[in-house]
Amino acid sequence: AQTVTQSQPEMSVQEAETVTLSCTYDTSESDYYLFWYKQPPSRQMILVIRQEAYKQQNATENRFSVNFQKAAKSFSLKISDSQLGDAAMYFCAYFSGSEKLVFGKGTKLTVNP
Amino acid sequence: DAGVIQSPRHEVTEMGQEVTLRCKPISGHDYLFWYRQTMMRGLELLIYFNNNVPIDDSGMPEDRFSAKMPNASFSTLKIQPSEPRDSAVYFCASSARLAGFSYEQYFGPGTRLTVT
């Protein structure tokens with residue numbers, strides 16, 4: 001079964017600095033999707049960024065970028081120029097043809113002013 | 001589009017009562033998912049539908065839980081009778097696997113259920 005592991009239950013970063021959240025996954029599939037979701041205190045799950053496994057280029061969305069290492073089954077999220085509004089739980093998720101999203105346990109990010 | 005709509009946003013009920021949670025997916029999406037989130041267990045997939053048909057309900061905890069999707073724009077999750085351990089945030093999400101659409105799931109704001 002596919003599994004997603006987020007080894008950092010909590011992280012903190014100073015405002016305006018850069019932080020990287022780690023995610024590893026286990027799969028035997030060759031074609032799949034990876035996502036990072038953000039859940040602020042409002043509870044709303046917000047899609048931050050997605051990566052198709054067949055694409056070698058790392059996805060980027062404004063201040064958010066990923067480091068996708070397919071052979072290592074690693075999918076880390078880098079947040080540049082951190083802002084107070086980035087404080088949230090961040091969930092890594094894996095998706096293949098089974099239609100089910102498999103979530104990690106989450107990393108709680110604190111942004112210090 | 002208004003996104004995925006869930007109601008109510010908060011529900012407080014007494015043990016033994018029936019609870020019905022409602023969801024309106026994004027128009028055009030053909031998949032609908034129900035999740036439960038707790039501190040202890042994280043995000044759990046309860047059930048999902050494709051084109052209004054339940055595909056996998058293996059995550060439904062027990063017979064007290066039931067879900068329906070009578071049409072493409074409405075789904076319900078019912079708990080009868082409710083128990084304190086059902087207290088959680090329940091999310092509905094939808095996605096599309098049609099040509100031109102991506103595979104990501106879009107989540108509603110959630111319903112916070114408290115059973116006393």
Side-chain angles (χ1 to χ4, degrees), chain A residues 1-10 21 23 25 27 29-55 59-61 64 66 68 75 77 88-108, chain B residues 1-6 8-11 21 23 26 29-51 53-60 87-98 101-114:
Chain A
Q2 292 87 358
T3 58
V4 176
T5 303
Q6 294 180 247
S7 59
Q8 307 150 316
E10 297 189 25
L21 309 183
C23 173
Y25 57 95
T27 183
E29 303 285 341
S30 59
D31 192 17
Y32 49 87
Y33 294 76
L34 296 162
F35 305 93
W36 279 98
Y37 281 87
K38 169 185 177 182
Q39 187 178 38
S42 67
R43 300 197 311 264
Q44 178 79 50
M45 291 285 284
I46 302 165
L47 178 66
V48 174
I49 199 165
R50 83 169 189 270
Q51 175 79 44
E52 292 91 340
Y54 64 86
K55 289 187 178 179
T60 299
E61 289 287 342
F64 297 86
V66 299
F68 174 49
F75 182 61
L77 175 69
M89 284 289 290
Y90 286 82
F91 293 93
C92 179
Y94 163 97
F95 173 87
S96 70
S98 69
E99 292 132 359
K100 296 183 185 181
L101 264 180
V102 179
F103 285 92
K105 296 292 186 184
T107 297
K108 182 179 180 180
Chain B
D1 199 316
V4 176
I5 299 172
Q6 290 186 250
R9 294 294 305 276
H10 303 272
E11 178 79 32
L21 310 182
C23 175
I26 293 172
H29 282 191
D30 56 341
Y31 282 85
L32 184 139
F33 304 81
W34 282 102
Y35 291 89
R36 178 172 68 176
Q37 186 180 36
T38 61
M39 289 293 292
M40 292 296 294
R41 302 171 74 98
L43 266 167
E44 302 174 275
L45 176 64
L46 300 177
I47 185 172
Y48 75 93
F49 296 82
N50 176 219
N51 291 323
V53 176
I55 302 300
D56 186 344
D57 65 353
S58 60
M60 296 286 262
S87 297
V89 179
Y90 291 81
F91 287 100
C92 176
S94 70
S95 70
R97 297 191 69 183
L98 305 173
F101 284 78
S102 53
Y103 289 75
E104 54 258 32
Q105 295 181 16
Y106 294 87
F107 284 73
T111 295
R112 179 177 292 279
L113 173 65
T114 303

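Quick note on labels: first sequence line is chain A, next is B, and so on, each numbered from 1.
Atoms CZ and CD, from A:F91 and B:Q37 in turn, are 5.0 Å apart once rounded to the nearest 0.5 Å. Taking CE from A:M89 and CG from B:L43, the interatomic distance works out to 9.0 Å, rounded to the nearest 0.5 Å.
Residues A:R43 and B:R9 come closest through the heavy atom pair NH2-O, 3.7 Å.
Considering only heavy-atom pairs separated by less than 4.5 Å from chain A, the leading option among B:F91, B:F107, B:Y35 is B:F107.
Only the backbone of B:R41 comes within less than 4.5 Å of a heavy atom of chain A; no side-chain atom from C-beta onward does.
With contacts defined as side-chain heavy-atom distances shorter than 4.5 Å, the pair A:F35/B:Q105 does not qualify.
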